[in-house]
Amino acid sequence: MFAALSIRGRGAVRLAAALVASGLVSAGATATASAAVATDAPPYRGGATATLDGLTTYGQAVIREDGGSQRVPAGLFEMSVDNGGTLQTYCVDLHNPTQKDAQYKETPWRGTSLHANRDAGKIRWILQHSYPQVNDLAELARKAGAGSLTEETAAAGTQVAIWRYSDKADKTDKADRAAKAEVEAVDPRAEKLADYLERSARRSPEPKASLTLEPPAVSGRAGERLGPVTVRTDADSVTVTPPADSASGVKVVGKNGKPVTSASDGGKLYFAVPKGTPDGMASLEVQASTTVPVGRAFTSETRSQTQILAGSSESTVSATATAHWAAKGPIPALSAEKNCAERGVDITAANKGDAPFTFSLMGAKHTIKAGETRTVTIPLQEDQAYDFAITGPGGFEKRFTGVLDCRTEAAMVGVGGKAQPAPQPSPASAGGTSGGGDLAATGGSNATPLIAGLAIALVVVGGGAVFLLRKKKDPAGTGEAAPTEE
């Protein structure tokens with residue numbers, strides 16, 4: 001059994017050089033693209049997916065850094081939700097540009113640069129207590145001592161306050177050596193609002209996901225009910241779409257064994273697989289219409305800056321779960337999720353069979369005993385794209401792709417000198433330089449910065465650990481990060 005790991009983008013060259021120097025690349029090894037896989041499973045647990053439309057309501061901010069300064073737009077972005085709905089967002093990575101028409105997915109804080117930010121909860125407080133959640137601009141101006149506010153100045157002041165917590169760009173904290181940049185709103189009224197929001201912010205807990213299924217993968221024997229898969233949502237109810245292959249006889253049922261077409265938060269779903277069904281896989285999808293909670297993060301696999309939700313219309317959200325069954329032997333269930341605390345991707349493997357499940361990953365074999373659930377953490381470099389597949393018995397194969405984006409560009413300066421160059425002149429964090437807000441002309445890029453050019457086969461040499469293996473503490477958990485409230 002073999003798992004191919006393809007590493008792309010600017011992190012690839014750094015990693016390749018390190019591997020050659022340490023002897024971790026097998027002699028003459030170049031991996032080609034892996035064979036077709038049964039399931040394409042990026043580390044995505046469900047929720048809203050959307051396309052970035054552009055910067056719509058904004059003013060100007062000035063960034064002072066290294067003795068120089070530059071004006072950038074600061075304000076609200078809009079996104080179009082797949083299958084219906086609109087999102088309004090601010091960004092949380094000052095130096096990283098947006099990519100035109102980038103695709104975004106709702107993501108827990110632990111899978112973003114907010115994972116280690118003790119002030120992430122303060123950012124959520126700002127979102128809840130400023131524009132557009134607060135649309136009485138006269139009252140907001142009164143509280144801030146700003147005289148008056150327009151939608152543009154309110155958006156600019158709110159974005160500036162967020163940057164001061166997301167990127168440590170606080171103009172007043174001269175003692176903070178991590179503060180590599182300072183940011184201020186150009187309009188005095190927007191600056192008054194930014195100061196007020198920064199000064200008033202209190203920690204709030206991370207909001208729950210709009211919709212997830214936990215766990216996203218289950219397994220078992222034909223003739224059994226496989227699951228449960230628990231619905232986690234803030235919607236009143238979700239619509240359940242059963243497996244597309246109705247000829248197989250596989251159904252989605254509830255705890256009572258009866259087919260279900262809808263469910264609510266906390267509902268338990270099962271795959272009912274008829275006895276004698278040939279070994280195979282199936283998936284179910286749940287979908288709902290709801291407003292996505294303010295403070296949810298959104299990330300893109302195209303290195304477009306991370307966004308945080310400021311407002312949501314009624315929007316379509318969805319999640320998918322898969323099931324794998326077999327008559328005997330190992331019966332694996334695999335899922336993946338970004339783990340920024342460990343700077344990698346967690347691959348969780350559960351084995352519901354009667355024999356050990358052995359799979360290869362990064363040149364090393366891992367064995368999951370019958371009835372056991374374990375997590376393998378694949379360490380990756382920041383900004384590194386990955387594409388790897390795990391194979392198993394009976395032609396089982398599952399693929400995981402994505403990009404590790406766990407730090408702001410400002411944080412990267414703090415750990416290794418200058419930040420890596422952006423696809424467009426930086427800083428372009430809210431759409432570009434002072435020339436305007438059209439992403440096509442100012443800071444956006446049609447070119448995806450992930451170039452599929454390098455594929456290497458990795459092997460583990462001696463006792464050197466290039467992965468972490470641990471028991472999964474909560475295989476049926478909610479998938480949410482711990483609250484940041486103190």
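Note that the structure is predicted; figures quoted are calculated from it, not measured.
- Listed by chain and number, the residues in a salt bridge (charged side-chain N to carboxylate O under 4.0 Å, His left out) with Arg221 are Asp354 (sequence neighbours excluded).
- Applying the side chain to side chain donor-acceptor pair (under 3.5 Å) rule to Ser304 yields the partners Tyr104; only residues at least two apart in sequence or on another chain are considered.
- Applying the side-chain contact (heavy atoms from CB on, under 4.5 Å) criterion to Thr51, with sequence neighbours excluded, gives Asp82, Asp101, Gln103.
- When the side chain to side chain donor-acceptor pair (under 3.5 Å) test is applied to Ser210, the partners found at least two apart in sequence or on another chain are Glu106.
- With Lys338 contributing its side chain and Val403 its backbone, the two residues share a donor-acceptor pair below 3.5 Å.
- Residues Pro332 and Phe359 form no side-chain contact, since every pair of their non-hydrogen atoms from C-beta on lies 4.5 Å or further apart.
- Within the 3.5 Å criterion, the main-chain N or O of Thr306 finds no donor-acceptor partner in the side chain of Asp93.
- Taking the side-chain contact (heavy atoms from CB on, under 4.5 Å) definition, one finds that Ala310 meets it with Leu76, Tyr90, Leu127, Pro132, sequence neighbours left out.
- Checking Arg110, Arg124, Arg296 one by one against Glu206, the salt bridge (charged side-chain N to carboxylate O under 4.0 Å, His left out) holds for a single residue, Arg296.
- Checked against ring pair (Phe, Tyr, Trp, His ring centres under 6.0 Å), His115 has no partners two or more places apart in sequence or in another chain.
- Remark: Thr299 engages Thr107 in a side chain to side chain donor-acceptor pair (under 3.5 Å) (not counting sequence neighbours).
- Residue pairs meeting the disulfide bond (SG atoms under 2.5 Å apart) criterion with at least one member in residues 281-361, sequence neighbours excluded, are Cys340-Cys406.
- Identified under the side-chain hydrogen bond (donor to acceptor under 3.5 Å, both in side chains) test for residues 279-294, with sequence neighbours left out: Asp234-Thr290, Ser289-Glu314.
- Just one residue in the list Val345, Asp346, Leu404, Ile378 forms a side chain to side chain contact (heavy atoms under 4.5 Å, CB included) with Asn339, and that residue is Asp346.
- Side chain of Thr233 to backbone of Ala235: a donor-acceptor contact under 3.5 angstrom is found.
- In this view, Asp265 satisfies the salt bridge (charged side-chain N to carboxylate O under 4.0 Å, His left out) rule with no residue, not counting sequence neighbours.
- Remark: Thr89 engages Gln307 in a side chain to side chain donor-acceptor pair (under 3.5 Å) (not counting sequence neighbours).
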Below 3.5 Å, can you tabulate the donor-acceptor pairs from side chains in residues 267-275 to any protein atom, sequence neighbours excluded?
{"from": "Lys268", "atom 1": "NZ", "to": "Thr230", "atom 2": "OG1", "distance (Å)": "2.9"}

